[in-house]
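Note that the numbering runs from 1 along the sequence shown for the chain.
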Amino acid sequence: MIRFVLRLLSMIALTVAVIMAVLDGARSVAASEVTLKPLGVSWFEASPDTLNLAQAVVQRYLLPVIWDPFMIWVLNQPGFAVMAVLALLLYIAGYKRRRRGQIDMPV
């Protein structure tokens, strides 16, 4: 069940990464130069309340030190790249490994 949820979240993150890459591509073609929108800007434009909530939760309930160096750096990276890496990490976490010598029998 957990693997299914992780793979589903991976697929959602990959979908968001593709959408953000297409938007960045269209923006780059229109400007005739490479234009990549940071994740923080995209998140703030979509839902500023949840960005502020995420910051409050991290600073209050987790380590406040995490927000300033790490989360600020992540939010300044291109959104499609962050979501693609997140999708990859979720997929790896939900991947079911096969044992050596195990043969899949058709049912």
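If you chain together hydrophobic residues whose side chains sit under 4.5 Å apart, Ile92 and Ile2 never meet in one group. Linking Ile, Leu, Val, Met, Phe, Trp and Tyr residues whenever their side-chain heavy atoms come within less than 4.5 Å places Tyr61 and Leu53 in a single cluster. In this structure, Leu51 is a member of the same hydrophobic cluster as Leu62, with clusters built from ILVMFWY side-chain heavy atoms closer than 4.5 Å. Note: the hydrophobic cluster containing Val16 does not contain Leu23 (ILVMFWY, side chain heavy atoms under 4.5 Å, direct or indirect links). Grouping the Ile, Leu, Val, Met, Phe, Trp and Tyr side chains by contacts below 4.5 angstrom, directly or via other members, places Leu39 with Trp67.
Listed by chain and residue number, Lys37 satisfy the side chain to side chain donor-acceptor pair (under 3.5 Å) test with Glu45 (two or more places apart in sequence, or in another chain). Annotation: ring pair (Phe, Tyr, Trp, His ring centres under 6.0 Å) contacts of Phe70 (sequence neighbours excluded): none. With sequence neighbours excluded, no residue forms a side chain to side chain donor-acceptor pair (under 3.5 Å) with Arg7. Taking Tyr91 as the reference, Tyr95 meet the ring pair (Phe, Tyr, Trp, His ring centres under 6.0 Å) condition, with sequence neighbours excluded. Residues that satisfy the side chain to side chain contact (heavy atoms under 4.5 Å, CB included) test with Leu9, not counting sequence neighbours, are Val5, Leu90. For Thr50, the side chain to side chain donor-acceptor pair (under 3.5 Å) criterion is met by Trp43, Ser47, not counting sequence neighbours.
For the atom pair CG (Leu14) and CE (Met11), the distance works out to 6.5 Å, reported to the nearest 0.5 Å. In this structure, CG on Asp49 lies 9.0 Å from CZ on Phe44, to the nearest 0.5 angstrom.
Pairs engaging residues 8-36 under the side-chain hydrogen bond (donor to acceptor under 3.5 Å, both in side chains) rule: Asp24-Arg27 [sequence neighbours left out]. Among residue pairs with one or both ends in residues 74-93, none qualify as salt bridge (charged side-chain N to carboxylate O under 4.0 Å, His left out); sequence neighbours excluded. For residues 57-79, there are no salt bridge (charged side-chain N to carboxylate O under 4.0 Å, His left out) pairs, not counting sequence neighbours.
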Just list the side-chain donor-acceptor pairs under 3.5 Å for residues 72-89, sequence neighbours left out, or say none.
from	atom 1	to	atom 2	distance (Å)
Asn76	ND2	Ile72	O	3.1
Gln77	NE2	Trp73	O	3.1

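As a member of the Ile/Leu/Val/Met/Phe/Trp/Tyr network built from side-chain separations under 4.5 Å, Val41 groups with nothing else and remains a singleton. Under a 4.5 Å side-chain heavy-atom cut-off, the cluster of Ile, Leu, Val, Met, Phe, Trp and Tyr residues that includes Val29 has no other member.
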